[in-house]
Amino acid sequence: MPVATLTEIPVKKQIRIALRNCGVINPEKIEDYIVRDGYFALGMVLSEMTPENAIGVIKDSGIRGRGGAGFPTGLKWEFASKSMSEQKYVVCNADEGDPGAFMDRSILEGDPHTVLEAMALCGYCIGANTGYIYIRAEYPLAIARLKTAISQAREFGFLGKSIFGSEFEFDIHLKYGAGAFVCGEETALIHSMEGLRGEPSLKPPFPSESGYLGKPTNVNNVETYANIPVIFLKGAEWFSGIGTEKSKGTKVFALAGKVNNVGLVEVPMGITLREVIFEIGGGIKDGKGFKAVQTGGPSGGCLTEKHLDTPIDYENLIACGSMMGSGGMIVMDEDDCMVSIAKFFLDFTVEESCGKCSPCRIGNKRLYELLDRICTGKGEMPDLDRLRNLSEVIKDTSLCGLGQSSPNPVLSTLNNFYHEYVSHVEDKKCQAGVCRDLLEYFIIEENCVGCTACARACPVGAISGERKEPHLINPDTCIKCGACLEKCKFDAVILR
Amino acid sequence: MDRVKLTIDGRAVEVPAGTTIYKAAKELGIDIPILCYMDLKDLNIENKPGGCRICVVEVEGRGNLASSCSTNVAAGMVVKTNSMRVINARRTVMELILSDHPKDCLSCAKSGNCDLQDMAVKLGIREIPGQEYAEMSTYRLDTSPSIIRELDKCIMCRRCETMCNDFQTVGALHAVNRGFESVVAPAFEMNLEHSPCTYCGQCVAVCPTGALTEVDHTSKVISALNDPTKTVVVQTAPAVRAALGEEFGMEPGTRVTGQMVSALRQLGFDYVFDTDFAADLTIMEEGTELLGRLTRFMEGDEEVKLPILTSCCPGWVNFFEYNYPEMKEIPSTARSPQQMFGSIAKSYFAEMIEVDRKDMVVISIMPCLAKKYECQREEFSVDGNPDVDYSITTRELAHLIKQANLDLAKLDSDDFDAPLGESSGAGVIFAATGGVIEAATRTAYEIYTGKVLEKVDFEQLRGMEGIRSAKVDFDGQEINIGIAHGLGNARKLLDDVKAGKSQYHAIEIMACPGGCIGGGGQPLHHGDASILKARARAIYAEDRDKPIRKSHENPYIKKLYEEFLGEPMSEKAHELLHTHYFDKRKKIFQV
Amino acid sequence: MSSVKIELRQDQIEKIDSICESFGNQEGELINVLHKSQETFGYLPAEVQEVISEKMEIPAAKVYGVVTFYSFFSMIPKGEFPVSICTGTACYVRGAETVLNEFKKQLEIEVGETSTDGKFSLSCLRCVGACGLAPVVTVGDKTYGRVAPDDVKEIISEYLK
């Protein structure tokens with residue numbers, strides 16, 4: 001399957017750090033990577049820096065985790081390095097499960113060595129000799145490229161014993177995910193690596209104290225690692241010069257939905273949604289009106305017109321009721337019904353909830369049921385209050401990040417598109433024309449020639465009218481099968 | 001240890017570092033509601049999934065609420081357990097749990113003794129918003145010989161999973177599926193009958209709802225008692241008398257032997273007998289078998305199989321038939337006291353009172369769920385007529401007594417009937433871990449050495465440690481004894497024996513914590529060892545009060561051998577009192 | 001979960017044994033063992049799980065608990081041509097649901113089922129990373145992009161020849 005290539009998308013306003021080699025080098029040739037300064041950072045750090053100094057560089061760079069919550073990477077490494085243990089582990093979270101985000105896959109397929117190099121660097125910093133990449137089994141090409149890359153790196157002495165002639169040894173192995181979104185949460189991921197159900201457990205203890213097999217473990221995601229070698233090569237100051245005060249560097253977004261240019265974009269933190277959607281993304285498809293943009297994956301929030309000029313960084317997105325997440329960015333236009341969108345995301349969460357804690361296991365199901373009632377015209381106004389209270393309690397009480405954020409799509413649409421909920425509930429109308437049960441088939445008098453094709457096609461006899469006279473649909477009898485609309489050759493039948 | 005100061009609900013408290021908020025609040029007398037959390041501290045079992053989220057509290061400076069059962073205190077922490085945010089969250093979560101729980105409380109086996117029901121009362125739940133359109137998770141009902149699994153009532157507290165895996169190492173139950181469909185179940189969601197389940201009932205003992213309950217046979221007992229053509233005989237296991245009182249509000253460890261006999265008589269049983277009698281009989285058979293094997297071993301017979309393992313505990317028998325079938329020749333072939341009793345009652349005693357065995361109904365009152373299964377084993381019936389017809393638990397007996405408007409505490413003490421009601425102190429101590437082997441030692445010593453045993457209390461065999469070993473001096477011959485209670489401990493002991501790491505002559509194993517006194521059919525002990533210890537004290541006190549302390553001195557046992565059985569291990573004894581074991585390992589899915 | 005009852009041949013049991021052994025019978029490698037076994041058998045019937053449980057000395061309930069946790073593992077054999085519809089967000093907003101409904105209608109099966117003739121099975125995927133081609137459908141190794149409900153009949157017919 002081809003990944004949308006970057007060349008389709010205007011490069012202006014983009015800065016490529018994590019994606020610097022993607023599509024530029026042959027990922028199956030280590031020589032290509034080396035030519036682009038590959039493994040240079042590792043050699044330099046091993047020969048010139050103590051682990052403490054190296055961690056200092058990462059801390060100074062200000063880089064934060066690109067996988068979700070945005071925890072400062074340097075701090076994480078420092079915690080792991082200070083945990084006393086003979087055995088420690090470096091783990092790369094490549095279980096990219098956000099529907100609509102595929103930057104990790106692109107990096108693994110396009111530039112696998114950068115991840116290996118970064119993991120080795122991390123191993124040196126925290127004092128680990130073993131790394132694991134936990135990768136989705138659904139990414140066969142990425143797996144194949146990683147395997148090739150690992151064996152090449154071993155051959156070249158970048159992995160294995162006495163790397164660059166130093167005392168440092170490090171090797172990397174693969175572990176496979178098996179289709180569970182919750183395994184993106186690091187404790188769940190570690191349980192999965194141990195051959196268990198991928199259920200999260202309470203933190204503390206954090207993996208940096210007690211992770212894989214009970215040993216100190218540093219978990220970062222692919223995109224985070226992909227930044228590491230460059231930070232060492234170009235320096236912390238260079239990196240921290242990009243972005244905003246609290247969010248440094250760039251972020252890769254998977255731009256999708258109703259925009260003209262779709263694909264991966266890597267932009268500096270602090271860029272506005274407007275710039276991404278309208279300048280890089282080329283605006284809304286088919287000249288339609290912008291309605292919302294959903295960031296942060298299935299548990300992110302739907303942002304609206306008023307947020308378009310907010311600079312994108314971790315804090316701002318949370319303040320708007322969304323989050324950075326792994327970088328999904330789905331654009332919606334006037335044809336999208338926000339209640340249905342919220343329902344779509346809840347459907348996802350219900351399926352992906354691990355079932356361990358009650359608010360997430362049962363609460364998300366109840367949210368879904370409420371949304372479904374609203375979309376099918378059975379909603380009542382008190383349901384909207386219930387939606388809100390339930391959402392807030394689920395966020396407040398759930399065990400892990402999944403449940404703590406899963407109500408975001410509901411809350412953000414309630415906040416930003418309350419009127420849509422109200423019109424579904426009070427007027428039983430779906431303005432976007434998505435909720436079937438709220439629509440009615442209607443014959444436009446001027447267009448109808450009275451051919452009777454629709455009346456003959458109607459299985460329940462809901463259409464009346466004389467031949468060559470405009471016809472009429474009785475909404476009480478109509479079962480909304482759509483047969484009339486299919487049969488009409490004169491665009492007289494519409495859904496409204 | 002470092003101590004940490006914090007504030008809970010405006011009150012200062014200082015606790016050791018590493019204490020949870022829940023426990024710190026307890027120090028102040030603040031009882032934060034819990035549901036899934038379970039601390040069986042004396043068994044070293046803590047179930048702390050942090051799953052129900054009922055125990056959430058507000059911690060200043062923290063974004064979301066914290067589960068107090070699993071969040072440790074920190075210096076200067078400011079905790080609120082009763083803010084409106086907390087109360088609203090707790091109630092909403094409770095409403096969610098109840099929205100996926102059946103509402104048949106009136107006829108639920110757990111009604112009145114249900115943690116979930118208690119919590120609903122405490123939190124003042126009056127309605128469950130949206131119940132009319134809330135989908136509920138539904139599962140197939142599983143009725144095994146001992147345990148009913150009604151998983152519609154499961155709240156995913158995971159307590160049973162912890163007991164079955166961590167404590168018992170049986171591995172019959174595990175969380176399966178994901179999300180709304182997730183539940184704790186046997187492999188492939190088959191029935192327990194097709195799983196490695198031993199029916200020890202420890203899952204039932206910890207289930208906070210009616211998801212796991214015993215098969216209730218009280219209506220069968222009522223029918224039998226109501227049938228004038230039947231002679232109904234009851235036997236009561238030793239552990240029952242030490243715990244039954246708790247169901248009537250008495251202190252743990254209150255002995256109610258006499259009142260229990262009185263209640264059973266008032267309920268209309270024709271003969272009120274004691275399983276302790278059969279325990280004495282077990283010692284005669286098992287002790288003789290042990291001595292036989294020991295003697296042959298001492299004489300250099302290399303074929304002889306040692307150690308001998310006790311076989312009174314049906315949960316343990318089920319466990320080794322599944323897990324150690326290659327060792328099935330090692331346990332004693334002696335049937336359990338329950339089955340010995342049934343066998344003798346329906347032969348010797350039936351002949352004595354001239355009643356056809358088909359017209360006799362033998363009921364046993366047991367601290368145990370596995371006994372329900374045991375009495376249904378084919379090998380324990382004659383022409384399809386079981387030696388023991390129904391086995392009911394201590395809890396079921398309590399229900400029967402209450403139904404009959406009897407207040408146990410106010411009943412006069414009464415005595416068991418003869419001849420199967422008389423027992424020695426040795427028969428009584430079967431109820432506690434180490435008791436069977438102590439009883440056997442009292443008899444074996446005298447037979448082996450030919451001397452009178454002056455001091456009958458073998459303190460070295462008693463206690464609550466999960467695995468114990470002790471040496472007993474048989475007049476110059478040292479006998480090594482191993483004891484385990486809890487199947488996880490049994491597994492460790494057995495694995496050592498299998499690996500040749502330990503040399504025991506005899507091993508006693510009980511499936512439940514503390515032995516039968518902590519059985520799956522007892523009033524719930526909530527893992528509180530003080531309750532188990534109190535029950536054990538009651539048992540040992542009853543032993544001390546008995547005029548006869550050794551099984552072989554029980555005059556009715558002597559008479560039974562003289563009149564009916566001949567010698568221990570005789571052909572007749574073999575037929576009526578011994579059994580054989582099966583290899584059950586291969587029987588999970590290939591059914 | 002019910003599944004078709006099968007009888008494993010001796011060589012199949014040995015195959016499972018050798019998979020377990022290749023991972024050192026290590027409990028922590030259970031997921032890798034399940035992956036390899038599913039690769040070999042196409043799915044993970046109860047019988048296969050039971051052999052794994054015995055060989056690796058993990059309770060069968062736990063093996064089953066792991067199998068049923070992960071959506072990648074299936075206890076139902078897939079069809080000869082497994083049809084997967086991407087229901088990631090990008091595909092959803094571009095109409096994946098109507099495409100899915102059309103497949104359900106045409107194949108007369110629900111998601112997670114296999115047609116009675118064993119030819120087609122239907123499943124949903126969470127983002128295959130081809131959002132530019134949304135909505136995306138895969139049949140076996142072949143990918144179809146920008147699928148409209150009207151295309152469904154034609155796609156199916158390709159495999160009926």
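Chain letters run A, B, ... following the sequence lines, proteins first, then strands; residues in each count from 1. Computation of the quantities below employed the complete heavy-atom set of this structure, encompassing side-chain atoms and omitting hydrogens, waters and symmetry-equivalent molecules.
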Given A:Ala180, A:Gly198, A:Pro359, the one with more heavy-atom pairs under 4.5 angstrom with chain B than any other is A:Pro359
Most heavy-atom pairs under 4.5 angstrom with chain B, which of A:Glu369, A:Lys378, A:Glu199, A:Gln404? A:Glu369
Segment of [X] engaging chain B (4.5 angstrom heavy-atom cut-off):
X	value
A:Lys356	both
A:Arg366	side chain
A:Lys203	neither
A:Thr397	both
A:Thr349	neither
A:Leu202	side chain

Using atom types as modelled and distance alone, determine if a side-chain donor or acceptor of B:Arg90 lies under 3.5 Å from a backbone N or O of B:Ile54. yes
With chain A, which of [options] has the greatest number of heavy-atom pairs at distances under 4.5 Å?
options	answer
B:Pro129, B:Ser67, B:Ala89	B:Pro129
B:Ser182, B:Cys52, B:Ala134, B:Gly50	B:Ala134
B:Ala175, B:Pro49, B:Cys157	B:Ala175
B:Glu135, B:Lys48, B:His174	B:Glu135

Assess whether a salt bridge exists between B:Arg85 and A:Asp396, defined as any Lys/Arg side-chain N lying under 4.0 Å from an Asp/Glu carboxylate O. yes
Determine whether the aromatic ring centres of A:Tyr176 and A:Tyr134 lie less than 6.0 Å apart. no
How are the rings of A:Phe71 and A:Phe79 set to each other: parallel, tilted or perpendicular (split at 30° and 60°)? tilted
Under 4.5 Å heavy-atom distance to chain A, tell me which part of B:Glu95 shows up: side chain, backbone, both or neither. neither
Residue part contacting chain A, namely of B:Ala66, when any heavy atom lies under 4.5 Å: neither
With no hydrogens and no angle check, just 3.5 Å: does a side-chain donor-acceptor pair link [X] and [Y]?
X	Y	result
A:Thr310	A:Asn316	no
B:Glu181	B:Ser137	no
B:Ser83	B:Glu58	yes
A:Asn408	A:Ser299	no
B:Asn323	B:Arg491	yes

With heavy-atom distances below 4.5 Å as the criterion, would you say the side chains of A:Ser340 and A:Cys375 are in contact? yes
Going by heavy atoms in the side chains, are B:Thr213 and B:Glu150 under 4.5 Å from each other? no
Please check if the number of heavy atoms outside A:Lys215 that lie under 6.0 Å from its NZ is greater than 12. no
Looking at B:Lys26, I'd like to know if its NZ atom is crowded, meaning that more than 12 non-hydrogen atoms belonging to other residues, nucleotides or ligands lie closer than 6.0 Å. no
Under a 4.5 Å heavy-atom criterion, the part of residues 379-394 of chain A in contact with chain B comprises A:Asp383, A:Arg386, A:Asn389, A:Leu390, A:Val393
